[in-house]
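Lettering of chains follows the sequences in order, A, B, ..., and the numbering in each one begins at 1. A quick note: this is a predicted structure, and the numbers were derived from the prediction, not measured.
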Number of protein chains: 2
Amino acid sequence: MTAVRHARLFDEADPLRLSGGGTLAPVDVAYTTCGDLSPARDNAVFIAHALTGDAEATEWWPTMVGPGRPVDTDRFFVVCANLLGGCRGTTGPSSTDPATGRAWGLDFPLISVADLVTVHRRLIAHLGIERLYAAVGGSLGGMQVLQWAADAPGQAERAVLVAASARLSAQNIALSTIARQAILRDPAFHGGRYPDHGVVPADGLSVARMLGHVTYVSEPGLEAKFGRDRRGAPGFGIDFEIESYLDHQARSFVDRFDALSYLYLSRLLDYFDPFTSEEFAERIRDTRFQVISFDSDWRFSTSHSVLIEKELRRVGLDVERHEIASSWGHDSFLLDPPGYLDLVRTFLNDRTGAGS
Amino acid sequence: MTAVRHARLFDEADPLRLSGGGTLAPVDVAYTTCGDLSPARDNAVFIAHALTGDAEATEWWPTMVGPGRPVDTDRFFVVCANLLGGCRGTTGPSSTDPATGRAWGLDFPLISVADLVTVHRRLIAHLGIERLYAAVGGSLGGMQVLQWAADAPGQAERAVLVAASARLSAQNIALSTIARQAILRDPAFHGGRYPDHGVVPADGLSVARMLGHVTYVSEPGLEAKFGRDRRGAPGFGIDFEIESYLDHQARSFVDRFDALSYLYLSRLLDYFDPFTSEEFAERIRDTRFQVISFDSDWRFSTSHSVLIEKELRRVGLDVERHEIASSWGHDSFLLDPPGYLDLVRTFLNDRTGAGS
């Protein structure tokens, strides 16, 4: 367990300027660091987390981050922060709005992937880091890595995007909308004012999580693990093992995650569509990309990675792309299907910088 | 529009004996007939509807049933009934429990595909029909057709199963469970007693329908129709066109369908697994099968149809199976992708009976 630290990165005198206009202050960030920053300050790796992650990368991504792992904490200085809009110590919609003294609720501004990255960049400046050896992220984490490469050209020497997307499909948006509707329609949501009522929209958040979870795993994966096994009695309660599993997922999620953060962070994925702007890719330089997808991921299938590769190559960037065989769908990025971690390790061990 | 007729098929003196034990009475059935029964009574075709259909087959399946259609109402005597457990005129969980004078609610017994078929068989007997020229159904309708072939060997000369399954996968069950959870967790559900409260669990039923609907269409289909088109403003309301579409689907569904029926009818799909009993297929005789799937159907993919074919062939039955190219997913069975309707027409025109 790494100690979570906190820093106020923006305040009223120096607010966060949001990509969609307006400002936000204060912005406090919860983050962890692992390992030691080298005297040359050239071994920092930033880990960007996905929708429901947090600052403790060695906890939620132990296959990737730790001593001897591809992101080797014996070698790298690893930084990970809870996302803006989150609920694990970084300012989000359940934080206090200084203007009212109450939780922001739906008065929290809409935020974008670019805003998440602005906060990450301020954090590494706060830590005295000018350049990153690498930025690494899966799913929404990979989207932040991509945005970072465009917003701070050359700041990250290497970018690892796993199971990411640069353009959600109509089906992606539909599934996220349904999850959000489950929250928004829960009477305990109280129009986002549930913190004032001392309740949480646990039922809506449970349905959202169960739906999200099913889209993060593959049909063959579920079939192999649960099939039609049963544990209960016929009826509308928990009978099939898959139902017990989903119920467990929902309960543990309600204990650790906030419904407003779910709304804000899931919504910014829908709006992320950077390559519609011609200049987005053209801003990127001096970053080498590794783009990885999993063949059973039906949330962000390989076609999403192919789009990213195509757009980056179009402007002459250095990209390697891999599709990994794995039966565990989107969540494969958190696991260790054969070949996956070795590819990342090799990519990170290659000292040839794109800008050198 | 065909007139919907009503018949009391079971009563206290002659109750419906349920496959899971126990009885149910009264059972009233809403049904339609189209066309004329031939003097030889050898031209009856039964249409079995899917989860949310009703007795008016020419309304919800106009591509398949009507004058000059594959199930040609100029030639066949076409019978279709609202399912047991439904909410469009046939006895279901929102009907009155004679023991209490109130709606059954969750005191309605669990029903199975076999129970639906028992009611259908009583209906055709009531209409003076001993044999069916064919039984035709899509999705849950196809499952009824399969069950019918086993429960009344030889009664249906031809069986058409479109986009059906004989064994739901863990993912199938998971998605249905999540839809049911949205209903069960809606406070307006009142433990199934919402008819007593004069309300309906509209929010839960809306979420259930939106989720169901996304699983009935394919990702490429949604992409071609909606893509990332927008109509609103950024935020948590309706912005993307796909969101407007889902909202419309939800609203129209709440107006026409009952939450308790959704629970009962979706749950019986989960439990349908007839081929685990060795004798199920062995009971079938003198029925020719046509089994059709669609390549973009990810709810009941072709593998479900392959399983049905394999189990029927194992006992020497006459089966033809086809996979149709269609971009519209599970709902393709209600549409007219090239080749589909002609295959059914040809199959139904072949006068060579399996038993002749």
Side-chain angles (χ1 to χ4, degrees), chain A residues 20 106 110 167-175 177-188 192 202-204 206-207 210-211 213-214 217-229 234-243 245-247 250 263-264 267 270-271 273 276 298 301, chain B residues 20 106 110 167-175 177-188 192 202-204 206-207 210-211 213-214 217-229 234-243 245-247 250 263-264 267 270-271 273 276 298 301:
Chain A
L106 293 176
L110 278 184
R167 185 173 297 159
L168 267 62
S169 70
Q171 188 193 64
N172 291 152
I173 296 169
L175 291 163
T177 289
I178 296 165
R180 282 191 299 270
Q181 283 293 315
I183 293 169
L184 292 163
R185 291 168 183 262
D186 185 335
D203 288 314
S206 293
V207 170
M210 291 190 282
L211 173 53
H213 193 80
V214 169
V217 295
S218 73
E219 176 156 38
L222 287 177
E223 201 59 25
K225 189 161 180 180
F226 302 106
R228 298 179 51 83
D229 292 351
F236 298 107
I238 291 171
D239 184 1
F240 291 92
E241 288 287 354
I242 178 66
E243 297 178 306
Y245 173 72
L246 290 176
D247 183 68
L263 295 183
Y264 278 85
R267 192 53 157 169
D270 295 350
Y271 287 119
D273 191 11
T276 51
W298 62 280
S301 65
Chain B
L106 293 176
L110 278 184
R167 184 174 297 159
L168 267 61
S169 71
Q171 187 193 64
N172 291 151
I173 295 168
L175 291 164
T177 289
I178 297 165
R180 283 190 300 269
Q181 283 294 317
I183 293 169
L184 291 163
R185 290 169 184 261
D186 185 336
D203 288 314
S206 293
V207 171
M210 290 190 283
L211 174 53
H213 192 80
V214 169
V217 294
S218 72
E219 176 156 39
L222 286 177
E223 202 58 26
K225 190 162 179 179
F226 302 106
R228 298 179 52 83
D229 293 349
F236 299 107
I238 292 171
D239 185 0
F240 291 92
E241 287 287 352
I242 178 65
E243 297 178 306
Y245 173 73
L246 290 175
D247 183 69
L263 296 182
Y264 278 85
R267 192 54 157 167
D270 295 350
Y271 287 119
D273 191 12
T276 52
W298 63 281
S301 65

Quiz prompt | B:Arg185 vs A:Ser206 side-chain heavy atoms within contact, under 4.5 Å | solution = yes

Exercise. Taking the side chain as every heavy atom from C-beta outward, state whether B:Arg228 and A:Leu168 have any atom pair closer than 4.5 Å.
Key: yes

Quiz item: At what distance, to the nearest 0.5 angstrom, does CG of B:Leu175 lie from CE of A:Met210?
Solution: 11.5 Å

Quiz item: Can you tell which of B:Ala182, B:Ala179, B:Pro234 has the highest number of heavy-atom pairs within less than 4.5 Å of chain A?
Solution: B:Pro234

Practice problem: Compare all side-chain heavy atoms of A:Thr177 with those of B:Ile242 and state whether any distance is below 4.5 angstrom. | Solution: no

Quiz item: So which part of A:Leu211 gets closer than 4.5 Å to some heavy atom of chain B, the side chain, the backbone, both or neither?
Solution: both

Quiz item: B:Tyr271 and A:Asp239: which non-hydrogen atoms are nearest, and at how many Å?
Solution: OH-OD2, 2.6 Å

Practice problem: Mind telling me whether B:Tyr264 and A:Phe236 have parallel, tilted or perpendicular rings, with 30° and 60° as the class edges? | Solution: perpendicular

Quiz item: With respect to chain A, which residue among B:Val214, B:Ile173, B:Leu222 yields the maximal number of heavy-atom pairs within a distance under 4.5 Å?
Solution: B:Ile173

Practice problem: Check A:Ala170 against B:Gly227 and note the closest heavy-atom contact, atom names and distance. | Solution: CB-O, 3.4 Å

Quiz item: What distance do B:Ile178 atom CD1 and A:Ile178 atom CD1 have between them, rounded to the nearest 0.5 Å?
Solution: 10.0 Å

Quiz prompt | Any side-chain heavy-atom pair of B:Glu219 and A:Asn172 under 4.5 Å | solution = yes

Quiz prompt | A:Leu110 to B:Gly235 - nearest heavy-atom pair and separation | solution = CD1-N, 3.4 Å

Practice problem: Write down the atom of B:Ser169, the atom of A:Glu223, and the distance for their closest heavy-atom approach. | Solution: CB-OE1, 3.2 Å

